[in-house]
Structure formats: C-alpha cells, structure tokens
Number of protein chains: 2
Amino acid sequence: MQGELISVAQRLFGEHGYEDTTVDAIATAAGMSRRSFFRYFSSKEELVLGKYELVGEQLQDALQARPDDEPLWDALQAMFAAISGKAVPDASAQTVHAIERVVEESPSLRAGYLYRLDVMQRLLVAEARDRAVRAGVPYAEDDPTPEALVGSAFACMTAARTVAASAEASWEDTVARAMGVIRHDPYRNTSRR
Amino acid sequence: MQGELISVAQRLFGEHGYEDTTVDAIATAAGMSRRSFFRYFSSKEELVLGKYELVGEQLQDALQARPDDEPLWDALQAMFAAISGKAVPDASAQTVHAIERVVEESPSLRAGYLYRLDVMQRLLVAEARDRAVRAGVPYAEDDPTPEALVGSAFACMTAARTVAASAEASWEDTVARAMGVIRHDPYRNTSRR
DNA sequence: GCCAAAGGTGGCACTGTGTGTCACGTAAGA
DNA sequence: TCTTACGTGACACACAGTGCCACCTTTGGC
C-alpha cells in the first residue's frame, strides 16, 4: 500500500511538481481518503524522504564493521563504498533518480533531506568517538576531530554524488576521488598543487 | 518593528517552545494582527532564520577579498575568521545564543538552518570555481574539488562552532584547529597519527 | 484649508497540512 | 454466532500562509 502510494505520488509530482500536488490528490488517485493517507505516511515529506531513515543505520553498521584501529578517514571511505550508490536500500536506480529530481525541485524537501543527512552524521560522530575510545584514546569533549572528519566525509560524498550523475566511473572510484581531494591535498588551490 | 517582533517572539519561544508558539500569539503580544505579522516576516521560520540570509553574501565578499592564487583551503579559513563568531552580522552574542537554542530545539528550524547553509555553500562553490578559472585552471565540470573543499570547510566550521561554545580560545584559533584536522591529518584515526 | 493619492493595517475568506475522535464495516478468533 | 480487533471514512479542528477589500492615517499638491 505504501509502495502504491509512492508510485502514484511520484507520477503526480512529475506532472505537477511536489508543492502543487496535494495530499488529497494523491490519496484520491490511489483510491483512498486523505485521512487514510496519513495512516501510511505521517506527512507528505515522509512519503518522499522516508526511505532515507534506513540509510543512517546502514552507514552505522558499515562503520562498525571496520576495525577500530583503521584510520577514521579510511573507514569512512569504506563505509560509503559499502552502500553502493548510497541513496535508498532497495529501490532501483531509476526510482532513486526520480526521488532526487523531486527533492532538488522543492526547497522544503531539500531542507528535510539535509536534516536527515545531519541526523546520520550525529549518529556517526558518536560512533567515531566510540571507536576512538575503543582504540584507547582518552575521551576529549572539546576535540573537533570526529565531527570535522565525519562532516568532511559527507561533504566529499555529496560532491561525489554530484559528479557521479554524469560519470562513467564506479561509485567506489568516484568517492575515492572526492575523498582523495582532502586526503592528498587539502591546501590545494584548484590551480596549482 | 521587525526587531520588536523578534524580541517578543524570542521571549515566547523561551517560555513555550517554537512549535507551541503560534503566530497569532506573537502578533497579539506585539500588539498587531496576525495579518500584519506576515507583512513583516514571510513566515514564522523567517523571523528566526532571516538574519542568516546576509551571512552568505558576507562570506562571498570575504572569499572574494582573498587573492586568487592563495590555496583555497587557506582562503576559506581566512573567510571564516573574517566574520568573527560567524552567525549574525549585528546581534549580540547573547541574542545569537538564544537563536541557536531555539533552532536546536526544533527539527523544522534545524532543517531550515541547514538549507540556508547549503545555499551559502553553493554560492561559495561557484565563487571557488571562478577563482580557479581566474588563476588559470581549465574549467572541468566533473571535478569534485571545489564542492568537496567548500563542504569540508563548512563541516570544520560547524565542528568549531560546536566546541567553541565551551572554549576559551578565540574564534580564529578554534576554526584553525578544526580546519587543521583536515589540513594536517586527514588519515588520522583519533587514536594514532 | 481641502482634497487626493499612497501606504500601513485589520478583517475575512480560503487553501492546505496535520491531528483527534467517532462510527461503521469486515474479517479473524473463541 | 458472538465478539474483539483492525482498517477505513467522515467529520471537526488547529495552525500556517495568501488574496482581497475596506478603512484610516499620513503626505503632498492645489
């Protein structure tokens, strides 16, 4: 039923855009009442972005799977590589692309997407701190390192996703390239090394 | 009048929280109608986050003020250092702190804040690309470098702001420390170098 | 001093999202 | 067969945001 609603909604979003498609229109098109729609999704945004909720846990699992003594940056790169094209767990590449187009189109959806990324990052920062402790580093509350590295890794991943759209390289290579920018040459001016 | 509304609103937000404070309550407390409120602010969110709009332009100016041949990472660090505690242009440190607490409390505000940060970053990515061109680098659309570096710089700045709350060090030093994590040791596991 | 144009304001009606509540029907289980 | 539980539709409601109009005050020309 949820999948039915999603596919109906995606079609309507494609025709009229996200903002101009009312919940009423989606529910009616799917043959149910507005009230029932909200029993399947807590909000219109949730219908589009709900699948991203799972990604956070997957990333956390992927990071936990890396050895504690592996450098954090390497572990984060492996983590991103592990969930192929990242986005949504099941969903086809086409579906993912459709979702991305809708998100790109609407500021409020974009905001919700960024919020979910932010939640993931907080999860992973906590995990990164735990790793450090397990590796024997004394806990320092005012150390910006975990947050800086996790946040930077996400920034590189996002940059990788931007260029991955029109790239023929594999996701692993694309991520490695983006994260390599930081890895090899943080000083770099795009002109000279 | 806008300032009046903001201070009234901040008081109410402190008492009942952002979500549970209706526009009606703010307007009434400020002695005007709901309709008039929306003539001063296009939305309730805008009342809280509106001041951030200016920051993007300030950052762009600050980056443009740096020489084209300066390494991008250095230029970004100088840019962040230039706008002291970052946040809002005028506003006192107390006001900024009050705003941050409210934003932290509400997911929808947090989402709006992240969206505004994202818009700033896009502005700066474009500026970084221009710098590169001015410095004589051939334009490569699929180069993730500008987005990766700008995004990482923002991640470090955010990490700096997190620890800056309880730090006695200057903002410049705190930013330098957070950005130095990337600068010196992207490989770093928080345990060993 | 008088009148007209302009701008700020309140009131009202309306759309759309999201929630609480209740009543109905149907299917599963005793 | 009775009943319990669940999915559903149908309200009513709160709140954000918009469009429209009528009013009033201020400003400026005559």
Side-chain angles (χ1 to χ4, degrees), chain A residues 1-53 99 102-116 119, chain B residues 1-53 99 102-116 119:
Chain A
M1 203 72 254
Q2 301 209 354
E4 167 73 6
L5 278 169
I6 289 176
S7 73
V8 165
Q10 284 290 359
R11 180 171 58 76
L12 293 176
F13 292 158
E15 291 171 12
H16 312 109
Y18 175 77
E19 314 282 1
D20 291 342
T21 303
T22 66
V23 171
D24 216 288
I26 301 169
T28 303
M32 69 177 64
S33 71
R34 213 178 70 90
R35 194 64 189 83
S36 285
F37 174 95
F38 285 109
R39 290 195 178 94
Y40 290 106
F41 296 101
S42 61
S43 71
K44 195 166 88 168
E45 183 183 292
E46 185 68 14
L47 178 142
V48 181
L49 300 179
K51 297 204 168 176
Y52 285 103
E53 310 279 291
I99 291 178
V102 174
V103 172
E104 198 60 27
E105 173 217 351
S106 155
S108 77
L109 273 185
R110 176 80 184 162
Y113 171 73
L114 292 170
Y115 179 76
R116 282 163 171 79
V119 171
Chain B
M1 203 72 253
Q2 302 209 355
E4 167 74 6
L5 278 170
I6 289 176
S7 74
V8 165
Q10 284 291 359
R11 181 170 58 77
L12 292 176
F13 292 159
E15 292 171 11
H16 313 108
Y18 174 77
E19 312 283 0
D20 291 343
T21 303
T22 66
V23 171
D24 215 290
I26 300 169
T28 303
M32 70 176 63
S33 71
R34 213 177 71 92
R35 193 66 190 80
S36 285
F37 173 95
F38 285 109
R39 290 198 178 93
Y40 289 105
F41 295 100
S42 61
S43 69
K44 196 168 87 168
E45 183 183 291
E46 184 67 15
L47 178 143
V48 180
L49 300 179
K51 298 205 167 178
Y52 285 103
E53 309 280 289
I99 292 177
V102 174
V103 172
E104 197 60 28
E105 175 218 349
S106 155
S108 77
L109 274 185
R110 175 84 184 160
Y113 170 73
L114 293 169
Y115 178 75
R116 283 163 171 79
V119 171

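Labels below follow one simple rule: chain letters A, B, ... track the order of the sequence lines, proteins then strands, and each chain is numbered from 1.
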Checklist outcome for this item: Comparing B:Gly31 with A:Ser42, nearest DNA chain C nucleotide closer to 5' gives the residue B:Gly31

Checklist entry - Nearest of D:dA16, C:dC12, C:dT19 to any side-chain atom of B:Lys44? => result D:dA16

Checklist entry - C:dG16 C1' sits how many Å from A:Ile26 CD1, rounded? => result 12 Å

Next on the checklist: What is the distance, to the nearest angstrom, from the CG atom on B:Leu109 to the C1' atom on D:dA16?
Outcome noted: 14 Å

Item to check | Residue pair B:Gln10, B:Ser7: steps toward the side chain to side chain contact (heavy atoms under 4.5 Å, CB included) verdict | outcome: CA-CA 5 Å; B:Gln10 284 291 359; B:Ser7 74; 5.6 Å; no

Item to check | Nucleotide C:dG8, atom P - distance to CZ of B:Phe37 in whole Å | outcome: 17 Å

Item to check | Base D:dG19 paired with B:Arg35 side chain (donor-acceptor, <3.5 Å) | outcome: yes

Checklist entry - Taking the side chain of B:Met32 as heavy atoms from C-beta outward, which of D:dA16, D:dC11, C:dG10 is closest to it? => result C:dG10

Checklist entry - Side chain of B:Ser33: nearest nucleotide among C:dG20, C:dG11, D:dT8? => result C:dG11

Item to check | Which atom of B:Ser43 lies closest to which atom of B:Phe38, heavy atoms considered | outcome: CA-CE2, 4.1 Å

Checklist entry - A:Leu109 and A:Leu49: which non-hydrogen atoms are nearest, and at how many Å? => result O-CD1, 3.6 Å

Checklist entry - Heavy atoms, side chains only, cut-off 4.5 Å: are A:Tyr18 and A:Glu45 in contact? => result yes

Checklist entry - Between D:dC15 atom P and B:Glu45 atom CD, what is the distance in whole Å? => result 19 Å

Item to check | A:Thr22 vs C:dG16: side-chain N/O to OP1/OP2 distance below 4.0 Å | outcome: no

Checklist entry - Is the closest side-chain heavy-atom distance between A:Phe41 and A:Val23 below 4.5 Å? => result no

Next on the checklist: Please report the distance, rounded to the nearest Å, between OH in B:Tyr40 and P in C:dG10.
Outcome noted: 8 Å

Item to check | Nearest-angstrom distance from the residue atom CZ of A:Arg34 to P of D:dG9 | outcome: 13 Å

Checklist entry - To the nearest angstrom, how far is B:Phe38 atom CZ from C:dG10 atom P? => result 14 Å

Item to check | Between C1' of C:dG8 and CD of B:Glu4, the distance in whole Å | outcome: 17 Å

Checklist entry - With nearest nucleotides of DNA chain C determined for A:Arg39 and A:Glu19 from heavy-atom distances, which residue corresponds to the more 5′ nucleotide? => result A:Glu19

Checklist entry - From the list C:dG11, D:dG9, C:dG18, which nucleotide is the closest neighbour of the side chain of A:Ser43? => result C:dG18

